[in-house]
K.L.:
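One structure coming up, written as structure tokens, with questions to follow.
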Amino acid sequence: MKRSEFGKAVRQAKLCVEEETLWGETDVHAACSVGTSAKKQPVRTSSGGGEPATLDELKAKMRGCVKCRLGKSRLNLVFGTGDPKAGLMFVGEGPGFDEDHRGEPFVGRAGQLLTKIIESIGLTREKVYIANIVKCHPMIDPSDPEKRGNDRPPAPDEAEACLPFLEKQIELINPKIICTLGNSAAKWLLGMELGITKIRGKFYEYKNTMLMPTYHPAALLRNPSLKKDVWEDMKKIRSELKDRA
Ligand code: URA
């Protein structure tokens, strides 16, 4: 067996174990046979396959997702983390190498900076909610998830496939404010093509929720002079959260 085939078989086995843990042996894919091309049965949710009523149900619904190519190469689903009833929700672009390995958003260098940004307004990662436009790692070379520097932005069809999950996630969390990080997140949630430099620092409306676009922490790592703008944006968010407490 080639190395890439072995990696694929291991990932497939991992998915099966995840689902078995969640649903019990009788409810998992009828065909979890590693190395076969047998078709998967649909994954059931505890709400009987209807609309997920909780974040856990939504996450369960996404476990075997292969709505786009990213579901086939990812190591872990990076669903989101934080308080399911958070007043403030951050939305980034998509998981990178570190996030794919840990199954948690923003845990690499950009994530460490995001943690500091959150703490700068007196909050913690546990008190906010952090998610991404896409829940699986977009890779330049999808055959090698172990390669660093293999990250890319999500393609439009990948973002479109994943957007309904984010929309549901936002609906369930019902935050007071959404803060989008970088171009992609603002573009997909607001449908705006204008660059982040032009739109950041102002509140917009996303389905009756206030949305503030700001720079992505990865941009701050490349260009630290942008930090002061993000600080200004965070102060506006802090003040708005206080008014709505
Ligand atoms: N960049 C993102 O947009 N999201 C992550 O989760 C990590 C890095």
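Computed from a prediction, not measured in an experiment: that's the story for all the values here.
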K.L.:
Applying side-chain contact (heavy atoms from CB on, under 4.5 Å), can you list everything that pairs with Arg102, at least two apart in sequence or on another chain?
P.N.:
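For Arg102, the residues satisfying side-chain contact (heavy atoms from CB on, under 4.5 Å) (neighbours in sequence not counted) are Glu104, Val107.
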
K.L.:
Measuring only between side-chain heavy atoms, which start at C-beta, is Leu166 closer than 4.5 Å to Val91?
P.N.:
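In short, these two side chains touch, coming nearer than 4.5 Å.
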
K.L.:
If every non-hydrogen atom of Leu163 is compared with every non-hydrogen atom of Leu189, which pair is closest and at what distance?
P.N.:
CD1-CD2, 4.3 Å

K.L.:
Can you check whether Pro217 reaches Leu181 side chain to side chain, under 4.5 Å on heavy atoms?
P.N.:
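Yes, side chains in contact.
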
K.L.:
Provide the closest heavy-atom pair for Ala218 versus Ala110 in the form atom of the first, atom of the second, distance.
P.N.:
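Residues Ala218 and Ala110, closest heavy atoms: N-CB, 3.9 Å.
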
K.L.:
Return the set of residues passing salt bridge (charged side-chain N to carboxylate O under 4.0 Å, His left out) with Arg222 (not counting sequence neighbours), or none when no residue passes.
P.N.:
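Arg222: no salt bridge (charged side-chain N to carboxylate O under 4.0 Å, His left out) contacts found.
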
K.L.:
Under the rule for salt bridge (charged side-chain N to carboxylate O under 4.0 Å, His left out), what residues qualify as partners of Arg69, not counting sequence neighbours?
P.N.:
Asp157, Glu158

K.L.:
Tell me every residue that passes side chain to side chain donor-acceptor pair (under 3.5 Å) with Lys235, counting only those two or more places apart in sequence or in another chain.
P.N.:
Glu232

K.L.:
Which atom pair, heavy atoms only, marks the closest approach of Asp100 to His137?
P.N.:
OD2-ND1, 3.2 Å

K.L.:
Any side-chain hydrogen bond (donor to acceptor under 3.5 Å, both in side chains) involving residues 188-204? Give me the pairs, sequence neighbours left out, ordered by first then second residue.
P.N.:
Arg200-Asp233

K.L.:
Ignoring hydrogens and angles, write down the donor-acceptor pairs under 3.5 Å from the side chains of residues 129-136, residues two or more places apart or on other chains.
P.N.:
{"from": "Tyr129", "atom 1": "OH", "to": "Gln169", "atom 2": "NE2", "distance (Å)": "3.4"}
{"from": "Asn132", "atom 1": "OD1", "to": "Glu93", "atom 2": "N", "distance (Å)": "3.1"}
{"from": "Asn132", "atom 1": "OD1", "to": "Gly94", "atom 2": "N", "distance (Å)": "3.3"}
{"from": "Lys135", "atom 1": "NZ", "to": "Asn132", "atom 2": "O", "distance (Å)": "3.1"}
{"from": "Lys135", "atom 1": "NZ", "to": "Gln169", "atom 2": "OE1", "distance (Å)": "2.6"}

K.L.:
Do the side chains of Glu119 and Arg125 get close enough for a salt bridge, i.e. N-O under 4.0 angstrom?
P.N.:
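Looking at Arg125 together with Glu119, the answer is no, because their closest N to O distance does not fall below 4.0 Å.
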
K.L.:
Look only at the side chain of Thr115 and the backbone of Gly111, and say whether a donor-acceptor pair between them is shorter than 3.5 Å.
P.N.:
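Yes, the answer is positive, given that a donor and an acceptor are paired below the 3.5 Å cut-off.
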
K.L.:
Got a sec, which residues hit ring pair (Phe, Tyr, Trp, His ring centres under 6.0 Å) with His216, two or more places apart in sequence or on another chain?
P.N.:
Phe106

K.L.:
Taking only residues two or more places apart in sequence or in another chain, which ones pass ring pair (Phe, Tyr, Trp, His ring centres under 6.0 Å) with Phe79?
P.N.:
none

K.L.:
Could you state the interatomic distance from SG (Cys179) to CE (Met89), rounded to the nearest 0.5 Å?
P.N.:
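The distance works out to 11.5 Å.
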
K.L.:
Minimum heavy-atom separation for Ile173 to Asp83, with atom names?
P.N.:
CG2-O, 4.5 Å

K.L.:
Hey, could you give me the OH/CG distance between Tyr215 and Leu220, rounded to the nearest 0.5 Å?
P.N.:
9.0 Å

K.L.:
Is there a continuous path of hydrophobic side-chain contacts, each under 4.5 Å between heavy atoms, that joins Phe165 to Val78?
P.N.:
no

K.L.:
If you measure from CZ on Arg238 to CG on Leu123, what distance do you get to the nearest 0.5 Å?
P.N.:
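Result: 9.5 Å between the selected atoms.
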
K.L.:
Among residues at least two apart in sequence or on other chains, which ones pass side-chain contact (heavy atoms from CB on, under 4.5 Å) with Asn223?
P.N.:
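Asn223 satisfies side-chain contact (heavy atoms from CB on, under 4.5 Å) with Ser225, Leu226 once adjacent residues are dropped.
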
K.L.:
Would you say the side chain of Lys207 lies within less than 4.5 Å of the side chain of Ile170, judging by non-hydrogen atoms?
P.N.:
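No. Closest side-chain heavy atoms not under 4.5 Å.
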
K.L.:
Between His101 and Leu75, is there a side-chain heavy-atom distance shorter than 4.5 Å?
P.N.:
yes

K.L.:
Just how far is it from atom CD of Glu171 to atom CG of Asn174, taken to the nearest 0.5 Å?
P.N.:
8.5 Å

K.L.:
Mind checking what makes salt bridge (charged side-chain N to carboxylate O under 4.0 Å, His left out) contact with Glu126, not counting sequence neighbours?
P.N.:
none

K.L.:
Do Ile118 and Leu88 make a side-chain contact, defined as non-hydrogen atoms from C-beta onward lying under 4.5 Å apart?
P.N.:
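SC-SC contact between Ile118 and Leu88 ruled out.
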
K.L.:
Ion pair present between Glu240 and Lys236, side-chain N to carboxylate O less than 4.0 angstrom?
P.N.:
no

K.L.:
What closest approach, in Å, do Pro52 and Leu172 show between heavy atoms, and which atom pair accounts for it?
P.N.:
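Heavy-atom minimum between the residues: O-CD2, 4.0 Å.
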
K.L.:
With rounding to the nearest 0.5 Å, note down the distance linking CE in Met212 to CE in Met210.
P.N.:
7.5 Å

K.L.:
Return the set of residues passing salt bridge (charged side-chain N to carboxylate O under 4.0 Å, His left out) with Glu167 (not counting sequence neighbours), or none when no residue passes.
P.N.:
none

K.L.:
Under the side-chain contact (heavy atoms from CB on, under 4.5 Å) test, which residues partner Asn150, sequence neighbours left out?
P.N.:
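Counting only residues at least two positions away or on another chain, Asn150 forms a side-chain contact (heavy atoms from CB on, under 4.5 Å) with Met139, Ile140, Asp141, Lys147.
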
K.L.:
Looking at side-chain heavy atoms only, is the closest gap between Pro142 and Arg74 below 4.5 Å?
P.N.:
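In short, these two side chains do not touch, never coming nearer than 4.5 Å.
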
K.L.:
What about Phe97 and Leu221, same hydrophobic cluster or not, with Ile/Leu/Val/Met/Phe/Trp/Tyr joined at side-chain heavy-atom distances under 4.5 Å?
P.N.:
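They do not share one cluster, since no chain of ILVMFWY contacts under 4.5 Å joins Phe97 to Leu221.
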
K.L.:
Specify the closest pair of heavy atoms between Ile196 and Pro213, including all atoms of both residues, with the distance to one decimal.
P.N.:
CD1-CB, 3.8 Å

K.L.:
Determine, using the 4.5 Å side-chain heavy-atom cutoff (strictly less than), whether Phe203 and Phe90 are members of one ILVMFWY cluster.
P.N.:
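In one cluster with Phe203: Phe90, yes.
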
K.L.:
Checking Thr209 against Ile177 for the side chain to side chain contact (heavy atoms under 4.5 Å, CB included) test, could you report, in this order, the C-alpha distance in whole Å, the side-chain angles of both residues, the deciding distance, and whether it holds?
P.N.:
CA-CA 6 Å; Thr209 303; Ile177 297 176; 5.9 Å; no

K.L.:
Counting distance only, does the side-chain N/O of Gln112 pair as donor-acceptor with the main-chain N or O of Arg109 below 3.5 Å?
P.N.:
no

K.L.:
To the nearest 0.5 Å, tell me how far Leu58 CG sits from Arg63 CZ.
P.N.:
11.0 Å

